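Below is one structure; the comments refer to it alone.
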There are 2 protein chains.
Amino acid sequence: MHEDELDRRLEHFKEVCRHEGLKLTHQRMVIFEEVAKSRDHPDADTVFKSVRDKVPTVSLDTVYRTLWMLNAMGLITTVGPPREKVRFDGDVSPHHHFVCSRCGAVYDVHGPAFGPIQAPDEIEGIGQVESVRLELRGRCRRCASQIE
Amino acid sequence: MHEDELDRRLEHFKEVCRHEGLKLTHQRMVIFEEVAKSRDHPDADTVFKSVRDKVPTVSLDTVYRTLWMLNAMGLITTVGPPREKVRFDGDVSPHHHFVCSRCGAVYDVHGPAFGPIQAPDEIEGIGQVESVRLELRGRCRRCASQIE
DNA sequence: GCATATATCGGAACAGTTCCTAATTAGTAA
DNA sequence: TTACTAATTAGGAACTGTTCCGATATATGC
């Protein structure tokens with residue numbers, strides 16, 4: 001990534017914070033920068049260790065809080081569903097899932113609209129695909145109809 | 001689900017166990033039946049509680065061991081990536097991920113082959129889709145080239 | 001039935017994440 | 001600059017989901 005791009009993201013981050021009335025603490029900036037410039041999808045502990053090199057007293061809690069905050073603000077994303085326990089499915093036929101982000105309910109989606117998903121050619125250079133998992137997230141009907 | 005279908009699955013399960021030299025314990029059958037007949041993607045604790053009604057002394061460990069075994073045998077599947085910690089991604093542009101099931105490395109997949117994924121009409125009746133997550137799993141090049 | 005490899009139970013251990021509270025700090029206004 | 005205040009942090013305890021461990025029990029093959 002270009003130095004410029006990182007600066008641009010940092011500036012955007014500051015802007016969003018100001019706009020949301022969030023304080024621009026040193027910790028937050030270092031944590032954001034760490035994820036923004038990383039290319040290897042680090043876990044929380046990895047971020048924690050990197051940040052600690054620059055801010056020795058930072059706590060793991062702060063790292064977690066900040067990461068989820070950044071995620072909520074759309075400044076970073078996560079790989080895999082956040083904070084959920086494993087669930088099992090007796091149906092092994094090819095299908096996908098809709099997970100309600102509010103109540104956690106899981107709905108099967110068999111709809112043929114997707115068809116059998118095929119990996120793009122790019123994958124060739126990365127590895128051998130063994131399974132494809134498609135997960136839709138959102139608010140289910142029941143939750144959507146309830147007042148917040 | 002028809003009673004027949006459940007019986008068929010149970011019979012298939014027994015067959016696979018025999019073929020693999022796995023013992024057909026009462027616990028295993030009850031656990032498998034519980035997941036096979038469920039329609040709501042239960043978590044391990046839910047399965048545990050259901051099974052306990054029929055086998056009061058069953059342990060949570062047995063439930064977990066059995067569920068992962070069933071998963072490994074392809075008799076059930078999981079929702080969401082199993083046994084992994086959350087990882088973060090500073091890239092918020094639309095893209096997907098390839099996760100190596102052996103070393104855990106995550107690779108970005110931007111390939112246009114997928115295009116913007118669209119939810120099937122079936123979704124209309126389920127809820128409002130807020131995000132779509134596509135995850136490819138398999139063995140990455142580096143791992144594939146190593147002797148097991 | 002007997003032998004034995006396999007599976008189970010129960011509880012302790014573990015890992016990742018979140019909670020709690022006193023102390024600190026960024027932003028704001030005088 | 002200084003003082004004020006609400007937001008944020010550090011550190012460690014607590015929590016949750018999952019796995020490990022060792023003694024006991026059991027399914028299967030003979």
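Every value quoted in this text rests on a predicted model; they were computed, and no experiment measured them.
H95(A) approaches V109(A) most closely through the heavy-atom pair CB-O, 3.6 Å.
D45(A) places its CG atom 14 Å from the C1' atom of dC14(C), with the value rounded to the nearest Å. Residue L60(B) contributes atom CG, which lies 15 Å from atom P of dA12(C) at whole-angstrom precision. Rounding to whole angstrom units, CZ of residue R52(A) and P of dG11(D) are separated by 10 Å. Whole-Å rounding puts the R65(A) CZ to dT21(C) C1' distance at 13 Å. Rounded to an integer number of Å, the gap from CG of L67(B) to P of dA7(C) is 15 Å. Straight-line distance from the OH atom of Y64(A) to the C1' atom of dT9(D): 17 Å, rounded to whole Å. Nucleotide dA15(C) holds its P atom 12 Å from the NZ atom of K49(A), rounded to whole Å. Here dG16(C) presents its C1' atom at 14 Å from CZ of R87(B), a figure rounded to the nearest Å.
Of the residues near DNA chain D, D61(B) and V55(A), the one whose nearest nucleotide (by heavy atom distance) lies more toward the 5' end is V55(A).
Comparing the end axes of the helix from dG1(C)-dC30(D) to dA30(C)-dT1(D), each fitted to five base pairs by superposing C1' atoms of four pairs onto the next four, gives an inter-axis angle of 40° (nearest 10 degrees).
With a 6.0 Å cutoff to the six-membered ring centre and a 45° limit on the axis angle, R9(A) does not count as a cation-pi contact of F13(A).
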From CA spacing to verdict: side-chain contact (heavy atoms from CB on, under 4.5 Å), F88(A), V79(B): CA-CA 6 Å; F88(A) 299 87; V79(B) 180; over 6 Å; no

Salt bridge (Lys or Arg N to Asp or Glu O under 4.0 Å) between E5(B) and R8(B), intermediate numbers included: CA-CA 5 Å; E5(B) 170 65 9; R8(B) 201 187 57 71; 3.1 Å; yes

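Only K23(A), L24(A), listed by number, bring a heavy atom of residues 11-35 of chain A to less than 4.0 angstrom from any atom of DNA chain C.
OP1 and OP2 of dT17(C) both lie 4.0 Å or more from every side-chain N or O belonging to W68(A). Considering only side-chain N and O atoms, S59(B) lies nowhere under 4.0 angstrom from the phosphate OP1 or OP2 of dG10(C).
Proximity of D108(A) to D89(A): side-chain heavy atoms (C-beta onward) are separated by under 4.5 Å at one or more points. Under the 4.5 Å side-chain criterion, counting only non-hydrogen atoms from C-beta, D40(B) is not in contact with V106(A). At a threshold of 4.5 Å between non-hydrogen side-chain atoms, the residues E135(A) and H96(A) do not count as touching.
The neighbour count for E130(B) CD, taken as heavy atoms of other residues, nucleotides or ligands under 6.0 Å away, is above 12.
Remark: the D61(A) side chain and the S59(A) side chain contain no N/O donor-acceptor pair separated by less than 3.5 Å.
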